[in-house]
Structure formats: C-alpha cells, structure tokens
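Protein chains get the first letters and strands the later ones, always in sequence-line order, with residue 1 at the start of each. Hydrogens, waters and symmetry mates play no part in the numbers below; they use all other heavy atoms, side chains included.
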Protein chains: 2
Amino acid sequence: MPEFLDLHGRTSKALRAAADDGMRRHGLHLGQNHLLAALWERDGRTPGEIAAELRVTTPTVVKMATRMAASGLLTRRRDERDNRLVRLWLTEEGWALREPVETERRDLEEAVLADLTGAEREHLMTALEKIHRAATALLKDSRSAD
Amino acid sequence: MPEFLDLHGRTSKALRAAADDGMRRHGLHLGQNHLLAALWERDGRTPGEIAAELRVTTPTVVKMATRMAASGLLTRRRDERDNRLVRLWLTEEGWALREPVETERRDLEEAVLADLTGAEREHLMTALEKIHRAATALLKDSRSAD
DNA sequence: CAGAAGTCGTTTGCCGTCTAATGAATGCGA
DNA sequence: TCGCATTCATTAGACGGCAAACGACTTCTG
C-alpha cells in the first residue's frame, strides 16, 4: 500500500465528506453544486457542454439534471433552432443558492488550508499539478485515442 | 470555484481513473484491490473489521464481497463460535493476484510522482496530512458524535 | 433462566460515475 | 433531393459509497 496513494485517497475521502456535509446544509447533494456553478457562469447550457466543463460524461449530467429538475433547481427546454439540443435553465431557487453555496465552498477551502503557509500552499499546488499531468498522461497512453 | 478544491478534485479523478485502468488489467474493479489488500495482510477477517480498516461502511464491503465471491476471489464462511460473524477467506485466485497487483500499485505511485524531487514529495505528504486532519476535524464538528 | 439490550451482517434505496446501446434530429455528399 | 454519417440526449446496467431499516445471534441483567 504505497504511502502517497494511500494518504491521497484518505484525504480525498475526507474532503469529499466535508464538502458533502456543507452542501447538504443547502439542500444539495455532492456534485450538484458543480452543475449549478456551470449554469451560474452561463445559463442555458446543454448537458454536453456542461459535461465537458465538469470533466464528466454526458449521462452523469443528464441524470443529475433530472433529479435537480425534480427538486426545482432548474428546468429543461429544447433548443428551438436545433431540436437535438436540450438547454438547462436555472430557476429562481437555483439562482438563490449562488451566494450561500459559493461562500460555503470558499470557507471550506480556507478551513482546510488553514494550517498551511503561503509557501506551502504554492508548493502543494505545484505538486498537484505535476501529479495531475502525470496521471492524465498515463490515461492517454493506455487508451487508443482521447 | 476555489483553486485548491478544484485542482485537488481534478487530480483525484485522474488518479482514480489511472488506478482503475491498472486494476482492470488484472480483472479487478476499482476498490476491490483494497479489500484484497486487507485479506492479504490477514485472511479470514469479518466485513466489519475490513470496513473499519478501509474507512468505508459495512454495506460497501458486503456488496463488494458478494461480487468478488461471485467472481471467485474469495469465499464467505460463518464463524463457528459466534454465529453473527461472517469471515471472508481468499481463494487461490485471490492470493495469486497479490504480487501483480502490489507491483502495479507501486508502479502507479512511482509514475505519478516521477516529476517530484524527494523534498517535494516530503512537503506534499506533510501538506496532505494537514489537510486531512483539518477536513476530518470539520466532520467531527458537524456530527454530534464520532 | 428469560427477557432486554447490544452486536453483526444483510437488504433496500439513493447518489455520482462510467460504458454501451438506443433514438431522434441535423447536415453533407451524390 | 434523398440517404447516410454525424451529433446530441436519453436509457440501461454496473460499480463504489452512504444511511437507514431489518433480522439473527449473543450477552447482559434482573
């Protein structure tokens, strides 16, 4: 059980749980805030566009959007010019969550990094960038195309 | 969209995908290697014990064990003295995967950290430890007991 | 010794995520 | 213009996770 992978995994899970906890306070499920963030930035996007931005597959966005539509955060509407497309539009409720959720998220980031100095944070970001690049490269290797 | 949480999330996903890729090569699904690792270290453990070690809930282990039993990696057997307990025992197949999977995992760790100097790795681990502690503390705060 | 309380594994149901298959609409080439 | 390839969203099914409800067995207590 390699040290880094192990520690990273545990950290990941803890962060995930903390984030989930925070979102739940606003009636959201983990992951939904990302979808909302995409729409806050630009409303009326299509599932495919959102999936690409969130680095997630389209079915994931579709399912999540279905649940979120059911809970009144957004609505689905077909694009008038191109009927293949579906556009997601935020409801009042969806917009209303913007401030509280963004604050929650900023607070979480700050709370979690509280014990790190500025220099430590810089090094951490650099290291994660490198790891991200390396891991992504590994994936491209094993898959025929990407 | 805070920088750190965002980068960490992306890194996490990339690592997860890379690990999944590697495990798939040995016919395993992501996560099953952890359960196997627990049994390699000590065979005949109970679902509850394994769940605690993997920091996962018992139902997660139970489900995973069911699938792994179906694919012949382990067998279920009730404890003779205490009939509430169930013990999981590795099959030949389960033991056979040990070397290749542990190697795979070590290789992944090394590949992913390849661009980091020794000092960078140390700083990274320290930083992750701090973050892990902070995130865990946040969880304990919000939950009545733990 | 018998009932109450505690300890386990299992089942159920939901969420996020992925891959693969399906279906509808557009657009391009002959 | 007509058909076929392309582009989208959706559905189906699998997996890892979690929380809550359930059921079986053990242990503690009166």
Measure the distance from [atom1] on [X] to [atom2] on [N] and round it to the nearest whole Å.
X	N	atom1	atom2	value
Arg67(A)	dT11(D)	CZ	P	12 Å
Met64(B)	dG17(D)	CE	C1'	8 Å
Asp20(A)	dA19(D)	CG	C1'	11 Å
Leu54(B)	dG16(D)	CG	C1'	12 Å
Asp79(B)	dG9(C)	CG	P	10 Å
Arg55(B)	dC18(D)	CZ	C1'	17 Å
Arg81(B)	dC8(C)	CZ	P	15 Å
Glu80(B)	dT26(D)	CD	C1'	17 Å

Next item on the list: Give a yes or no on whether a salt bridge exists between Asp82(A) and Arg84(A), defined as a side-chain N under 4.0 angstrom from a carboxylate O.
Entry: yes
Next item on the list: Using a cut-off of strictly less than 4.0 Å, decide whether Thr60(A) has a side-chain nitrogen or oxygen near OP1 or OP2 of dC18(C).
Entry: yes
Next item on the list: Respond yes when some side-chain nitrogen or oxygen of Thr57(A) is under 4.0 Å from OP1 or OP2 of dC18(C), and no when none is.
Entry: yes
Show me the side-chain donor-acceptor pairs of residues 55-64 of chain A shorter than 3.5 Å, one per line, residues at least two apart or across chains.
unit_1: Thr57(A); atom_1: OG1; unit_2: Thr60(A); atom_2: OG1; d: 3.1

Checklist line | Strand contacts (DNA chain C) in residues 26-39 of chain A, 4.0 angstrom heavy-atom criterion | finding: His29(A), Leu30(A), Gln32(A)
Next item on the list: Do nucleotides 3-10 of chain D as a string where each nucleotide becomes B, S or -: B if the base has a protein heavy atom under 4.0 Å, S if just the sugar-phosphate does, - if no protein is that close.
Entry: ----BSSB
Next item on the list: Give a yes or no on whether the ring-centroid distance for His8(B) and His8(A) is below 6.0 angstrom.
Entry: yes
Margin query: Just checking Arg16(B): does its CZ atom have more than 12 heavy atoms from other residues, nucleotides or ligands closer to it than 6.0 angstrom?
Written below: no
Margin query: Determine whether a donor-acceptor pair (one donor, one acceptor, N or O, separation below 3.5 Å) exists between the side chain of Lys63(A) and the base of dT11(D).
Written below: no
Check: Where the side chain of Glu109(A) meets the backbone of Leu5(B), is there a donor-acceptor pair that is under 3.5 Å apart?
Finding: yes
Note to self: Test of understanding: with side chain to side chain donor-acceptor pair (under 3.5 Å), list the residues that count as partners of Arg121(B), not counting sequence neighbours.
What the structure shows: Glu110(B)
Next item on the list: For Arg98(A), check side chain to side chain donor-acceptor pair (under 3.5 Å) against everything at least two apart and list the hits.
Entry: Glu102(A)
Note to self: Do Glu120(B) and His123(A) pair up side chain to side chain, a donor and an acceptor below 3.5 Å, judged on atom types alone?
What the structure shows: no
Item checked: Residues that Asp115(A) engages under salt bridge (charged side-chain N to carboxylate O under 4.0 Å, His left out), provided they are two or more places apart -> none
